Amino acid sequence: MGGMDRYEPLKIEEKWQKIWEEEKPYKAETVEGVPKMYIAEMFPYPSGAGLHVGHVRNFTIVDALTRFYEQQRLNVMRPFGYDTFGLPAENYAIKTGRSPKDVTAENVANFRKQAKRLGYAIDWDREINTSSPEYYKWTQWCFLQLYKKGLAYQKESYQWWCPVDQTVLANEQVENGCCWRCGHEVEKKKMKQWFFKITEYADELLDEVDALDWPDKIKTMQKNWIGRSVGAEIEFAIVQDSSSFASSLAPVVMGLASSIAPVVANAHESESCSNRSITVFTTRPDTIFGATFLVVAPEYPGLEYIVADDAREAVEKYRAEALLKSEIERQENKEKTGVFTGAYVINPATKEKIPIWVADYVLSGYGTGAIMAVPAMDERDREFAEAHDLPVVETELCEFGQFGTPKTTYRMRDWLISRQRYWGCPIPIAYDKDGNPHPIPEDQLPVMLPEIEDYKPDESGRSALAKAKDWLKVKIPVKDPKTGKTQMIECTRETDTLDGYACSSWYLWRYVSPHDKKHAWDPEAISYWAPTDIYVGADHAVAHLLYIRFWCKFFADQGYLPFREPIKKLIYHGYINAPDGKKMSKSKGNVIDPLDVINDGYGADTLRTYEMFIGPVELDAAWDPRSVGGVYRFLNRCYNLLNSEKIDGSKNITIRNKTIKKVTEDIYKCNFNTAVAALMEYVNELYKVGAGEEDLIVLAKLLKPFAPHLTSEMLERLGADDEWPKWDEKYLVSDTAEVVVQVNGKLRTKLTVEMTDLEDEDKIIKMALKDKKIQKYTSDGIKKTIFVKKAKLVNIVV
RNA sequence: GGGCGAGUGGCGGAACUGGUAGACGCGCUAGACUCAAAAUCUUGUGGCCUUCGGGCCGUGAGGGUUCAAGUCCCUCCUCGCCCACCA
């Protein structure tokens with residue numbers, strides 16, 4: 001007997017990890033004619049704390065699927081990489097005086113080491129790191145492609161600014177009016193910034209969401225985020241009386257904004273507003289007869305040209321206050337404040353003179369930043385009208401065609417990508433002496449991030465790169481627009497770096513040819529491997545997952561990608577919380593370290609299997625240390641079966657086939673928890689009736705996606721390969737069936753009948769009525785009987 | 001305020017397109033082994049009642065549809081997430 005041979009996970013795991021390290025069985029190569037399967041997780045940001053249990057859930061889902069398809073002999077690619085640019089590494093570097101590069105290198109090495117201890121089937125030759133020059137060279141290349149097509153552009157406007165991190169943020173990075181990194185309230189600051197024109201693809205991004213094999217939750221969030229509204233733009237002519245016209249010739253620098261940036265609007269903005277008219281956006285142009293006033297946002301560009309002299313002071317004051325208000329204050333205070341500008345427009349439908357107001361319930365970033373107020377139809381307009389004594393006129397709906405032009409707008413704004421921080425991908429742009437931007441030529445890429453001494457950003461609104469004086473100077477060829485001749489001219493580099501989301505917007509394509517020196521991705525490799533078949537994550541529902549779709553569509557349009565959606569199937573899993581159900585956090589001291597779980601003696605297989613068993617993949621779950629022990633006992637029982645007396649395997653043929661079917665179907669459906677439960681049931685059965693060799697081979701194969709070390713050991717000892725087993729339906733049907741008999745819908749007894757009798761309804765019902773237990777209930781007669789063959793059920797109504 | 005989910009034993013959770021509620025695991029119970037403990041193996045385990053045959057109740061609350069409802073419909077309560085003055 002095998003009393004001497006105990007399950008020692010740490011020994012077994014070390015053995016197999018060494019074999020996998022040396023033999024590289026998970027190296028992925030193009031094999032024409034063999035169906036491919038490309039599976040990846042959202043790559044981690046390697047923090048100093050190392051892997052946490054959330055990473056383990058994420059990576060193990062990917063690994064279980066990888067092995068599942070690998071065992072079915074598909075050509076599987078499962079790469080791995082690190083998202084390394086960003087604030088945490090830089091802030092840590094500032095705090096400790098070490099370089100972000102060194103800190104990141106250490107964290108990456110630690111993550112790699114820890115991931116290897118979990119036994120993942122990773123093709124380690126495809127490892128990527130977004131802060132390595134070999135990688136960010138191509139991030140810069142991507143930027144230049146967008147720039148060439150006019151989809152990377154500069155604009156001066158009010159932006160979210162985090163005063164702690166000293167950088168601007170994208171809309172998607174502001175959560176409840178606070179910075180997503182440090183949690184500090186954000187402010188508005190007027191700055192010239194780089195944007196990607198994601199709105200160019202708004203319609204396609206929206207229209208193609210429905211067809212994706214993604215969770216509905218994410219699809220809905222993306223749709224809401226894009227927020228398409230169909231309506232019209234209507235121009236209202238400003239009434240030109242002498243006072244307001246005169247003042248428009250001498251605009252006054254207004255309010256607090258002037259201390260941050262010059263107030264003169266840029267060319268792009270001054271086109272859309274003039275002192276002659278105001279254009280509004282509305283989804284209800286048919287209510288124009290009820291428009292009794294106009295409202296513009298406090299930030300409305302060119303507001304100073306509109307305001308009447310006697311109202312100027314009040315408007316300036318209101319505008320300054322509105323800009324000072326934090327986003328939280330503006331959200332919380334739903335009172336309809338505002339001031340009259342002293343100016344009027346003509347309602348083109350009624351021809352009446354109606355007043356222009358300024359109010360912060362109108363948002364500058366949406367539509368035109370100006371609305372026509374129809375208090376009879378719109379609740380917010382009515383509140384405003386009541387608060388400020390403005391007229392409410394019932395409106396007849398009308399054909400608006402003669403007053404405006406159809407227009408579609410989106411809630412989604414263009415993606416702000418410049419960051420005033422050091423530790424990011426340098427934007428490959430330089431400015432001539434007149435301040436005009438020029439792209440760095442592709443053959444000069446990468447624009448290397450220079451090593452500097454002091455990473456700290458300052459009040460200047462420029463990143464620490466501004467201090468790298470030598471690096472700033474660059475000579476690039478620029479074509480003179482007049483002569484058409486190209487000349488080398490001295491330029492100054494852009495000091496902003498790219499939002500980290502830019503780096504992660506194309507990494508799934510880099511994985512297909514991670515060492516390619518000529519392309520961002522190899523065209524042949526991309527057409528074989530991409531798009532990604534299964535992508536697994538727990539975050540970034542609208543940011544990353546929208547950006548990557550945007551880049552995919554853009555690069556498809558440029559002929560670089562043969563598909564328009566980057567991810568076929570998305571698995572969005574829940575978080576793992578502390579045993580008390582609260583979020584794990586260092587400050588609460590309730591963090592479970594996965595490496596501790598392994599080193600405590602449970603091993604990686606237990607950790608992995610437990611996290612798959614913990615609950616439905618899409619739901620949050622609470623860590624339960626005692627259940628970890630339960631999974632360990634299960635694996636231990638599997639191992640001990642190896643040493644048991646073997647019986648004739650044909651005895652278990654039904655349960656074996658049933659288990660193969662259940663586990664296979666459950667993994668396809670990502671029901672990992674019930675797949676593990678089915679394996680536990682199978683093992684319980686084997687303990688009762690004994691196990692044959694074939695029973696154990698099937699067990700090891702089915703369990704391998706979850707516990708690869710233990711099962712590799714089992715299969716080696718059993719002398720079997722790991723090819724995924726198939727079930728045969730013929731073993732699932734038995735000669736007899738159990739028929740449930742109900743009286744008035746309540747279970748009263750069960751009959752065992754011949755399978756062939758299931759076809760004979762009369763016979764079954766007669767058998768049921770003859771049963772002694774049933775006769776107790778039928779003495780007063782029977783109203784009706786129902787037989788459901790599919791459910792193997794009889795219901796007798798008395 | 002709007003949108004989307006979810007409420008099942010002491011706990012985490014099962015239950016296919018309406019058809020045997022509580023799979024599997026944890027915890028607890030009893031036993032075997034042991035001087036003893038751990039480990040391991042074997043029992044039992046929704047609640048209440050029981051003459052030990054079984055009976056009644058039971059999936060957040062209340063109504064409805066149905067031979068039959070955790071599952072469908074209506075009203076309400078609680079929790080979670082997302083969006084939040086988007087004209």
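Below, chains carry the letters A, B, ... as their sequence lines are ordered, and counting in each starts from 1. Quantities reported herein were computed from a predicted structural model and do not represent experimental measurements. Computed from heavy atoms alone, side chains included, the values below leave out hydrogens, waters and symmetry copies.
Within the 4.0 angstrom heavy-atom criterion, base atoms lie near A:V740. As judged by a 4.0 angstrom heavy-atom cut-off over every strand, A:I614 is placed among residues touching the sugar-phosphate backbone only. Within the 4.0 angstrom heavy-atom criterion, no nucleotide atom of any strand lies near A:N224. Residue A:Y687 is classed as a sugar-phosphate contact, given heavy-atom separations below 4.0 Å to backbone atoms only. Using a 4.0 Å heavy-atom distance criterion, A:Y777 is classed as a sugar-phosphate-only contact. Nucleic acid contact for A:K790: base, since at least one base atom lies under 4.0 Å from a heavy atom of the residue. Using a 4.0 Å heavy-atom cutoff across all strands shown, A:G615 reaches no nucleic acid atom at all. Residue-level contact check: A:E379 touches neither bases nor backbone, having no heavy atom under 4.0 Å from any strand.
B:C56 is paired with B:G47 under the criterion used here, namely a Watson-Crick or G-U wobble arrangement in which both key atom distances are under 3.5 Å. The partner of B:G10 is B:C26, judged by Watson-Crick or G-U wobble contacts that both fall below 3.5 Å. B:U34 is unpaired under the Watson-Crick or G-U wobble criterion, no partner having all donor-acceptor distances under 3.5 Å. Across all strands shown, B:C79 is found opposite B:G5 as a Watson-Crick or G-U wobble partner, with both distances under 3.5 Å.
Between B:C52 and B:C57, the distance separating the two P atoms is 22 Å to the nearest Å. With both ends at atom P, the span from B:G3 to B:C56 equals 44 Å, rounded to whole Å. With both ends at atom C1', the span from B:U71 to B:U20 equals 15 Å, rounded to whole Å. Here, B:C67 and B:G12 have their C1' atoms 36 Å apart, quoted to the whole Å. The C1' atoms of B:A39 and B:C24 are separated by 22 Å, rounded to the nearest whole Å. Nucleotides B:G27 and B:U66, compared at atom P, are 47 Å apart to the nearest Å. Across the C1' atoms, B:C83 and B:G62 are found 32 Å apart, a figure rounded to whole Å. Between B:A6 and B:A15, the two P atoms lie 13 Å apart (nearest whole Å).
Side-chain nitrogen and oxygen atoms of A:S229 include at least one within less than 4.0 Å of the OP1 or OP2 phosphate oxygen of B:A87. OP1 and OP2 of B:U40 both lie 4.0 Å or more from every side-chain N or O belonging to A:R6. Dashed line: the shortest gap from a side-chain N or O of A:R382 to OP1 or OP2 of B:C85 is not under 4.0 Å. Note on A:Y682: every side-chain N or O is 4.0 Å or more away from OP1 and OP2 of B:A23. In this model, the phosphate group of B:G12 is not approached by any side-chain N or O of A:R626 to a distance below 4.0 Å at OP1 or OP2. Side-chain nitrogen and oxygen atoms of A:R748 include at least one within less than 4.0 Å of the OP1 or OP2 phosphate oxygen of B:G55. Between B:G25 and A:N684, a contact under 4.0 Å exists linking OP1 or OP2 to a side-chain N or O. Considering only side-chain N and O atoms, A:R633 lies nowhere under 4.0 angstrom from the phosphate OP1 or OP2 of B:A39. Taking side-chain N and O atoms only, A:K217 has no distance below 4.0 Å to OP1 or OP2 of B:C4. Side-chain nitrogen and oxygen atoms of A:N673 include at least one within less than 4.0 Å of the OP1 or OP2 phosphate oxygen of B:A14. Side-chain nitrogen and oxygen atoms of A:Y361 include none within less than 4.0 Å of the OP1 or OP2 phosphate oxygen of B:A87.
In B:G53 the base sits syn relative to the sugar, since the glycosidic angle is no further than 90° from 0. Under the 90° criterion around 0 for the glycosidic angle, B:G47 counts as anti.
The distance from atom CG of A:L747 to atom P of B:G54 is 12 Å, rounded to the nearest whole Å. With rounding to whole Å, A:K582 atom NZ is found 16 Å from B:C79 atom P. Rounding to whole angstrom units, CD1 of residue A:I218 and C1' of B:G3 are separated by 14 Å. If you take CD1 of A:I655 and C1' of B:C24, they are 13 Å apart, rounded to a whole angstrom. Look at CD on A:E618: it is 11 Å from C1' on B:A6, rounded to the nearest Å. The CZ-C1' distance, from A:R637 to B:G25, rounds to 12 Å in whole Å. Atoms CD (A:Q742) and C1' (B:G19) sit 6 Å apart, rounded to a whole Å. Atom-to-atom, CD1 of A:I796 to P of B:U66 comes out at 21 Å; the value is rounded to the nearest Å.
Across every non-hydrogen atom of A:A232 and A:F400, the tightest pair is CB-CE1, 3.5 Å. Heavy atoms only, all atoms of each residue included: A:R382 and A:A376 are closest at NH1-O, 3.8 Å. Residue A:P348 comes nearest to A:I234 through the heavy atom pair CG-CG2, 4.1 Å, listed as atom of the first residue, atom of the second, then distance. Listed here is the closest heavy atom pair of A:C179 and A:V186: N-CG1, 3.6 Å.
The side chain of A:A791 lies closest to B:G19 when the candidates are B:G19, B:U43, B:G25. Nearest nucleotide to the side chain of A:F613, out of B:G12, B:A23, B:U43: B:G12. For A:E738, whose side chain is taken as the heavy atoms from C-beta onward, the closest listed nucleotide among B:G25, B:U20, B:A15 is B:U20. Distance from the side chain of A:I786 is smallest to B:C67 among B:A84, B:U43, B:C67. Taking every side-chain heavy atom of A:P616 into account, B:G13 is the closest of B:A84, B:G13, B:G19. Taking every side-chain heavy atom of A:V797 into account, B:C67 is the closest of B:A15, B:C67, B:C24.
Around atom CD of A:E729, more than 12 heavy atoms belonging to other residues, nucleotides or ligands sit under 6.0 Å away.
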- Task: Before giving the answer on side chain to side chain donor-acceptor pair (under 3.5 Å), spell out for A:N640 and A:R6 the whole-Å C-alpha distance, their side-chain angles and the decisive distance to 0.1 Å.
- Result: CA-CA 8 Å; A:N640 288 337; A:R6 286 175 47 239; over 6 Å; no
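Across the interface with RNA chain B, nearest-nucleotide mapping of A:W225 and A:I371 shows A:W225 to be the residue nearer the 5′ end. Residue A:D624 is the one, among A:D624 and A:K746, whose nearest nucleotide of RNA chain B lies closer to the 5' end (criterion: closest heavy atom).
A:Y361 and A:T337 are not linked by any side-chain donor-acceptor pair at a separation below 3.5 angstrom, with hydrogens and angles left out of the test. For the residue pair A:Y410 and A:D203, a side-chain donor N or O sits within less than 3.5 Å of a side-chain acceptor on the partner.
Aromatic rings from A:W214 and A:Y572 are positioned such that their centres are separated by 6.0 Å or more.
A:K197 and A:D414 are not joined by a salt bridge, as no carboxylate oxygen comes within less than 4.0 angstrom of a charged side-chain nitrogen.
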